[in-house]
Amino acid sequence: MAARMEAARDYGGGVTASVVVTCLIAASCGLIFGYDIGVTGLQTFVIDNITTTRHLHLLHHNNIPCRRLHRRIHPPPHPSAIRHRHRVRLRHRIYRRVTSPHPSTVATPPHPSAAAVAGASISRCRYRPCREERKEGRSGRERLRLNKSHKDARVVCGGVTQMQSFLTEFFPEVVKGMRGAKRDAYCRYDNQALTAFTSSLYIAGALASLVASRVTRMVGRQAIMLTGGALFLAGSAFNAGAVNIAMLIIGRILLGVGVGFTTQAAPLYLAETAPARWRGAFTAAYHSFLVVGTVAATAANYFTDRIPGWGWRVSLGLAAVPATVIVVGALFVPDTPASLVLRGHTEKARASLQRVRGADADVDAEFKDIVRAVEEARRNDEGAFRRLCGRGYRHYLVMVVAIPTFFDLTGMVVVAVFSPVLFRTLGFNSQKAILASIVLTLVNLCAVVVSSFSVDRVGRRFLFLAGGTAMLLCQVAVAWILADHLGRSHAAAKMAKSYAAGVVALMCVYTASLGLSWGPLKWVVPSEIYPVEVRSAGQALGLSISLTLSFAQTQVFVSMLCAMKYAIFLFYAGWVLAMTAFIALFLPETKGVPLESMRAVWAKHWYWKRFANKDAKLYAQVNCL
């Protein structure tokens with residue numbers, strides 16, 4: 001039986017130039033999703049760092065009225081008596097700070113800098129202690145540094161949602177909110193209006209993926225990728241030329257539909273086209289392109305952020321580049337053999353299979369299995385979502401829900417949001433912090449590349465378990481360091497640079513672990529485990545769950561971070577422990593198994609066989625193996 005199983009796993013044919021080019025074009029669909037993630041960014045404003053982490057230093061050689069500056073940072077109470085008393089206290093506090101030099105800076109010669117406060121005007125200093133401090137040239141205990149390219153509020157990580165010109169034109173209330181930022185470093189990202197705009201793409205993508213699962217049966221996966229790329233191209237044009245919020249919303253909807261279409265079709269296209277022996281590597285290429293798109297968007301933001309007034313239009317307009325790549329590439333790739341057989345184009349399907357497997361490859365056995373699987377799927381053509389809820393498909397339904405849910409609970413969002421604080425604590429200015437975020441993304445990209453080359457050698461389960469264990473240890477260690485050195489109730493204490501560097505190193509290890517395991521395998525495993533009759537429905541439902549959870553998490557995460565503080569890492573560590581145990585117990589190894597023989601894997605699993613064996617046809621398949 002082992003020999004027959006091995007024979008069933010190897011249909012013949014290897015990695016040809018045709019399959020490489022075809023799969024790379026399909027995998028490039030990840031570019032648009034990654035670019036959108038990188039170009040929108042996160043709401044990580046740094047104006048409140050003056051009162052939190054103390055790495056923006058206060059009032060040295062500045063021309064901003066001290067009273068005006070502190071009204072923006074510390075809004076006084078409404079009653080006039082309390083307001084007057086508050087201003088008097090602030091003046092005395094500032095005077096004590098700036099007139100007591102730091103021991104390490106007494107002999108330091110003065111250097112020019114200014115205050116980077118949103119909306120602050122450059123004028124003569126009106127407060128005598130500050131004017132005297134400027135004359136004496138003292139560096140003081142705290143200095144406020146000016147980024148050379150901006151006099152506005154600077155941000156930690158790049159994205160059009162942090163560009164001053166974009167916010168001023170479309171979200172002026174956000175700029176006002178920046179001036180009254182909260183003191184608590186854990187709560188400094190709380191701005192739900194702009195977050196709702198950013199995350200609206202996820203809802204559009206979730207609905208579009210469900211529609212794409214139906215349309216795929218009629219037009220094929222290649223047409224879905226082409227349509228998704230064209231819609232994303234149109235959305236980028238709307239956003240780049242937006243003159244009001246309505247155009248922005250229309251553009252975001254088009255972008256979301258484009259992401260939903262391509263993300264539903266591309267992983268399945270890769271799984272159905274790639275040889276079974278190397279299916280994991282080719283499918284993981286989708287995630288590699290997604291990370292490349294994120295790096296490209298972050299780099300674009302880094303340079304366009306320096307363009308005053310219209311830099312955000314360039315960032316949004318550059319989304320047309322990956323969209324064009326997808327549209328042009330999709331015109332030259334054939335549809336998958338399974339999709340062609342499902343639509344009745346048997347001869348085209350055989351020609352397509354021969355093309356990707358090589359002219360000399362024997363494709364008879366593989367083609368017969370594809371036709372047999374599609375014939376069974378045709379008998380169940382209606383009600384794919386309903387079939388997923390049946391007892392015989394219980395194992396597929398569990399994976400449809402579990403894998404995207406666990407992926408969104410790995411804690412990647414807390415790392416993405418909280419890492420800028422640590423970069424700033426290490427002394428990075430705004431532009432260097434953007435570069436640091438690019439470095440973190442490059443770590444992720446390197447890990448994904450390593451995962452692509454190892455997933456078909458060591459298997460899916462090993463990467464899941466190894467990556468989950470490493471992520472768990474990193475999150476627990478980060479929670480302990482933050483609780484002990486940044487504070488439990490109010491994050492106003494400054495973390496020592498050595499500990500901040502240790503936390504950044506742990507985050508790099510966490511990012512690498514995620515890139516080795518859940519990052520690419522989120523796309524690999526769901527695209528290969530479903531039978532053809534529910535494959536599109538399962539992929540669409542899983543993608544909808546993932547995008548909906550991403551939307552919900554972006555809405556509630558800021559409040560969770562503000563309430564739970566360092567314990568947010570322990571919250572996600574608990575989920576990582578649960579998902580690692582789930583993989584160890586309930587996910588069978590699918591390395592090297594052809595899609596048409598995947599039912600046999602479930603039938604032999606210690607738990608899922610009680611559901612998989614309900615199908616009478618499955619008994620015949622298991623016996624023939």
| remark: Distance col, row S536:OG vs R221:CZ, nearest 0.5 angstrom, shows 3.5 Å

| Which pairs pass ring pair (Phe, Tyr, Trp, His ring centres under 6.0 Å) with one or both residues in residues 449-484, sequence neighbours excluded? | F464-W518

| query | With distance as the sole criterion, is a donor-acceptor pair present between the side chains of W523 and H287 under 3.5 Å? | reply | yes

| task | Check the side chains of T304 and S315 for a donor-acceptor pair under 3.5 angstrom, ignoring hydrogens and angles. | result | yes

| R460/E528 ion pair, N-O < 4.0 Å | yes

| query | Under 3.5 Å, is there a donor-acceptor pair between the S209 and S544 side chains? | reply | yes

| field | From CG (L482) to OH (Y566), nearest 0.5 Å | value | 10.0 Å

| Does the side chain of S550 come under 3.5 Å of the side chain of D408 through a donor N or O and an acceptor N or O? | yes

| field | salt_bridge(D36, R252) N-O dist < 4.0 Å | value | yes

| said: What I'd like to find out is whether the side chain of F261 reaches to under 4.5 Å of the side chain of M225, using heavy atoms alone. | reply: no

| note | Taken to the nearest 0.5 Å, the spacing of L233 CG from S236 OG works out to 5.0 Å

| request: Kindly write out the residues that satisfy salt bridge (charged side-chain N to carboxylate O under 4.0 Å, His left out) with R461, not counting sequence neighbours, or none if the list is empty. | output: none

| message | Can you list everything that forms a ring-ring contact (aromatic ring centres under 6.0 Å, His included) with Y269? Sequence neighbours excluded, please. | response | none

